[in-house]
Amino acid sequence: MSGFSEDMPFFDEPNARPAAAPSGIAARAMAARSGQNGVPDYLKGLNPEQRLAVETTEGPVLVLAGAGTGKTRVLTTRIAHILATGRAFPSQILAVTFTNKAAREMKQRIGILIGEGNVEGMPWLGTFHSIGVKLLRRHAELAGLKSDFTILDTDDVVRLIKQLIQAEGLDDKRWPAKTFAQMLDNWKNKGLGPDEIAEGDARSFGNGKGRQLYKAYQERLQTLNSCDFGDLLYHPIRIFRAYPDVLKEYHRKFKYILVDEYQDTNTAQYMWLRLLAQRPQSSPLEGEVPAKRAEGVAAEGTAQSSNSTASSTAARTPPDRASPGHPPLKGEGNRRSSPINICCVGDDDQSIYGWRGAEVDNILRFDKDFPGATIIRLERNYRSTAHILGAASHLIAHNEGRFGKTLFTDRDDPEDDKVHVHAAWDSEEEARAIGDAIEAYQRQKHNLNDMAILVRASFQMRAFEDRFITLGLNYRVIGGPRFYERLEIRDALAFFRVVANGGDDLAFERIVNVPKRGLGEATIRQIHDTARAMRIPMLEAAATLAESDELKPKPRAALREVAANFERWQKALESTPHTELAETILEESGYTDMWKNDRSAEAPGRLENLKELIRSMEEYESLRAFLEHVALVMEAEQGESQDAVSIMTLHSAKGLEFETVFLPGWEEGLFPHQRALDEGGRSGLEEERRLAYVGLTRAKKNLHIWFVSNRQIHGLWQSTIPSRFVDELPETHIDIADSGNSYGGYGNPYGGGSFASGRGGGRQNPYGASRFDNIGAKDQGSFSNTYATPGWQRAQANRTEATDRNWGTRSGHQVERIGYGETDSGYGAGRTSVKGRTIEGELVAKSVADTPSAFNVGDRVFHQKFGNGNIAAIDGNKLTIDFDKAGQKRVLDGFVAPV
DNA sequence: CCCTCACACCATAGC
DNA sequence: GGTGTGAGGG
């Protein structure tokens with residue numbers, strides 16, 4: 001319990017009220033007041049809706065905050081307001097965010113509003129997971145853990161599951177551990193324990209052993225004194241349900257609850273919140289209404305916002321009108337709630353974590369869950385130009401099932417650029433062109449810090465990194481290949497973990513034989529078996545084995561050394577400063593020497609990373625605190641001291657804004673991602689569209705969308721078509737870049753036709769949308785081979801006809817699909833061949849459909865990108881071709897034509 | 001029994 | 001382009 005005392009004094013003073021506030025916050029707030037009306041500085045400059053959201057401190061409040069409407073400002077000001085008016089102590093506010101970044105930013109901004117000193121005392125501001133850890137450390141024993149439990153990352157989890165699958169005698173190839181890890185995640189996201197999962201789900205894995213595996217997994221975690229990410233929410237929920245007294249403590253404790261990004265909460269997070277937010281009273285709720293909602297909420301929301309400006313006393317839905325929203329949660333009872341000061345902020349249009357179990361429904365159902373809720377809409381956008389906003393609004397309007405906010409801005413500057421749409425030949429040209437654009441902005445005195453490239457999938461990042469390295473352009477990758485995921489960091493952390501928690505077998509297994517000590521699979525198995533048989537951790541088992549004569553001299557000596565090392569380090573844990581200890585561990589284990597002796601190119605970088613790791617430990621109190629940070633944060637914090645372009649995924653861009661934003665890779669299959677369509681169907685597509693919306697609304701002034709005609713996926717060049725989202729942008733707000741000719745002389749990339757007509761007229765066209773739907777529906781292939789399938793070939797053929805009709809010409813479908821080649825000098829031959837291929841179009845499609853390949857080794861062929869070459873090998877429809885100029889490449893047979 | 005190298009197979013997004 | 005697995009050498 002030590003370490004948690006900071007808020008203890010208030011624990012038993014549930015009724016501490018403004019008058020009793022001893023902290024001097026109120027006084028400080030008074031000092032901060034300056035206006036004649038007594039309006040504190042921190043409230044100045046808020047618009048009426050924002051101010052209402054800040055000042056409606058009592059009762060449930062839902063703030064529907066569109067992109068760029070000042071959501072974070074409202075949240076932070078609200079907290080500042082609660083503190084400054086002495087409504088609660090910092091320790092009595094529970095504020096939950098999704099990302100560490102958001103939590104950090106909130107802390108900082110509250111600090112600015114009311115003074116640093118007042119925020120340090122906000123121990124319960126953090127991510128769901130970090131707060132979960134805190135709760136769980138306090139009550140670990142109620143979940144069968146010790147308070148020093150370790151948190152496993154995805155990698156550990158998969159390895160553990162693999163062991164269990166093998167232990168069950170199942171084939172781990174047929175039943176991949178990764179798949180089961182995903183299933184586990186889904187279950188835990190729904191708050192389901194092994195006995196609560198659906199029978200069908202339980203049976204669907206490992207010859208019906210799903211449930212059994214789940215149980216075995218949880219048992220194993222317990223013996224390892226570990227938990228996974230899901231447990232950080234799942235355990236507290238179970239504790240709250242099983243121990244009402246514990247829950248009550250927190251009910252007394254938290255006077256105000258605030259939740260950021262409420263649209264991203266999953267069922268488990270929702271349960272967790274409800275348990276904390278609901279103070280059950282005696283009278284049971286009458287009646288039962290199924291959870292259908294939306295219209296009611298929307299209507300109410302509109303009514304609210306229309307009259308909300310009038311007064312700060314919100315017209316609230318009377319409690320009596322309460323409709324008992326959701327099906328009762330287990331163990332929670334169906335009770336009427338007393339008013340809860342919970343404030344959730346979110347935007348249904350930015351819900352992009354469905355794949356992680358997020359339920360948009362949570363936000364749509366808010367007023368049913370919390371009767372009498374005040375719903376406030378923030379629709380005034382302060383971030384983007386009218387063009388950007390117009391493009392984003394028009395795009396998102398293609399979604400059904402939304403509240404339907406209308407963002408607006410007063411901004412009307414004729415100087416503002418429209419949203420630029422660009423085409424490039426392939427991903428390399430895309431990277432080159434974006435690099436050039438960035439440099440051009442730089443010459444106009446734009447900071448690199450104000451620019452970002454937002455990609456759909458992280459593999460897209462490499463092209464930009466490569467390009468920027470050659471240009472010498474500073475960049476930073478956010479949330480990319482993460483620091484902690486690096487081999488050397490994971491190894492080092494494994495050493496530390498074993499020292500901190502001797503029961504962490506997974507970490508132990510990782511490093512027993514690092515550096516190589518001659519302990520192979522056989523020895524490790526023996527340690528494993530001994531540990532299991534004696535029910536002790538592997539480290540102890542190793543020590544035991546080292547003293548027995550069951551091993552050959554060599555491994556025995558090695559084990560003895562390992563065991564002695566860890567014993568020594570564990571002893572030093574309490575007495576030695578942790579950074580020093582960490583260095584000692586890496587030295588004495590021979591780990592640093594291992595890399596010093598390594599002649600490979602990466603070795604110096606790895607040593608550098610290890611130093612960085614040690615450096616970053618300094619900020620933490622202890623080794624344990626550091627390990628927890630690593631487990632939860634997962635991303636190395638990079639200083640923003642340097643001017644650099646940011647590269648990140650669209651997902652990690654949520655909540656951020658940049659002056660200039662580049663959105664590359666708007667192609668069917670990549671964005672919307674084929675897997676999202678395959679797995680999620682229509683709702684999958686809508687989530688992708690919301691992701692596109694998030695991307696568009698990150699930009700303040702300049703926005704550039706790119707698509708390419710050729711992209712390399714899994715080492716194969718694939719032809720691609722522009723994303724349907726490109727078509728969904730409103731013509732009035734976009735500007736088609738018409739000079740793609742700086743590289744290779746492609747001339748007008750749109751083949752002379754206007755962009756819209758080239759694409760079949762987009763919105764008003766008779767075949768646009770449905771044509772794309774066909775592609776999605778008929779195509780059974782996975783992303784990697786989508787474009788080799790008969791369905792795509794057909795779609796392509798249809799497309800050609802359609803476009804031809806539109807253009808009134810009959811030329812190669814490749815040409816107008818991609819839109820290149822008209823004036824191409826460098827690829828002049830390509831044009832002819834492409835045309836030639838078109839004439840054979842039907843034949844090619846047929847051959848792809850019927851037979852693996854119509855080519856023979858030795859055939860001379862032409863490829864649009866690589867030119868002429870000879871086929872060196874054939875593997876199904878994959879050809880290995882020795883190109884005259886480009887060298888050996890593997891390509892799909894659909895993309896070459898006989899010469 | 002362990003280590004190294006070549007090969008197969010694979011990659012949406014992240015707390 | 002990265003990682004996990006298998007065969008062969010030491």
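Bear in mind that the values here come from a model prediction, so they are computed numbers and not experimental data. A, B, ... follow the sequence lines: proteins, then strands. Residue 1 opens every chain.
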Under 4.0 Å, counting only non-hydrogen atoms across every strand here, what does [X] touch: a base, just sugar-phosphate, or nothing?
X	result
A:Q460	nothing
A:D185	base
A:F98	sugar-phosphate

[X] [atom1] - [N] [atom2] separation (whole Å):
X	N	atom1	atom2	answer
A:I478	B:dG14	CD1	P	12 Å
A:K554	B:dC2	NZ	C1'	7 Å
A:L691	B:dG14	CG	P	10 Å
A:N513	B:dC2	CG	P	8 Å
A:Q712	C:dG2	CD	P	14 Å
A:D491	C:dT3	CG	P	12 Å
A:L677	B:dA13	CG	P	16 Å
A:D228	B:dG14	CG	P	19 Å

Measuring to OP1 and OP2 of [N], would you say a side-chain N or O of [X] lies under 4.0 angstrom away?
X	N	result
A:T154	B:dG14	no
A:N266	B:dC15	no
A:S652	B:dA13	no
A:S130	B:dC15	no

Per-nt protein contacts along nucleotides 5-10 of chain C (heavy atom under 4.0 Å; B base, S backbone sugar-phosphate only, - none) come out as SS----
Are any of the side-chain nitrogens in [X] or [Y] under 4.0 Å away from the carboxylate oxygens of its partner?
X	Y	answer
A:R517	A:E561	no
A:D260	A:K71	yes
A:R682	A:E686	yes

Exercise. If you measure from the ring centre of A:F128 to the centre of the six-membered ring in the base of B:dC15, is it under 5.5 Å, with the planes under 30° apart?
Worked result: no
Can you tell me if A:W355 is stacked onto the base of B:dA13, using a 5.5 Å centroid cut-off and an angle below 30°? yes
- Task: Please test A:E430 against A:R711 for salt bridge (charged side-chain N to carboxylate O under 4.0 Å, His left out), starting from the C-alpha separation and ending with a verdict.
- Result: CA-CA 10 Å; A:E430 183 183 57; A:R711 193 172 286 280; 3.1 Å; yes
Would you say the side-chain atoms of A:R556 pair up with the backbone N or O of A:E550, donor to acceptor, closer than 3.5 Å?
no
- prompt: If only atom types and distance count, is the side chain of A:D228 paired as donor or acceptor with the main-chain N or O of A:D231 below 3.5 Å?
  reply: yes
Residue pair A:N189/A:G518 against DNA chain B: nearer the 5' end by closest nucleotide is A:G518
Per nearest nucleotide of DNA chain B, the residue lying toward the 5' end, A:K552 or A:A676, is A:K552
Winner on side-chain proximity to A:K516, out of B:dA13, B:dC15, B:dC3, is B:dC3
Detail all sub-3.5 Å separations between protein N/O atoms and N/O atoms belonging to nucleotides 7-11 of chain B.
| residue | atom | partner | partner atom | Å |
| --- | --- | --- | --- | --- |
| B:dA11 | N7 | A:H714 | NE2 | 2.7 |

**OP:** May I ask you to check whether A:H651 and A:W355 place their ring centres under 6.0 Å from each other?
**Re:** yes
If we count only N and O atoms by modelled type, under 3.5 Å, do the side chains of A:E465 and A:Y475 hold a donor and an acceptor together? yes
Exercise. So A:E509 and A:R159, salt bridge (charged side-chain N to carboxylate O under 4.0 Å, His left out) or not? Walk me through it.
Worked result: CA-CA 10 Å; A:E509 264 186 85; A:R159 273 160 58 217; 5.9 Å; no
Sorted by chain and number, sequence neighbours left out, salt bridge (Lys or Arg N to Asp or Glu O under 4.0 Å) with A:E359 holds for none
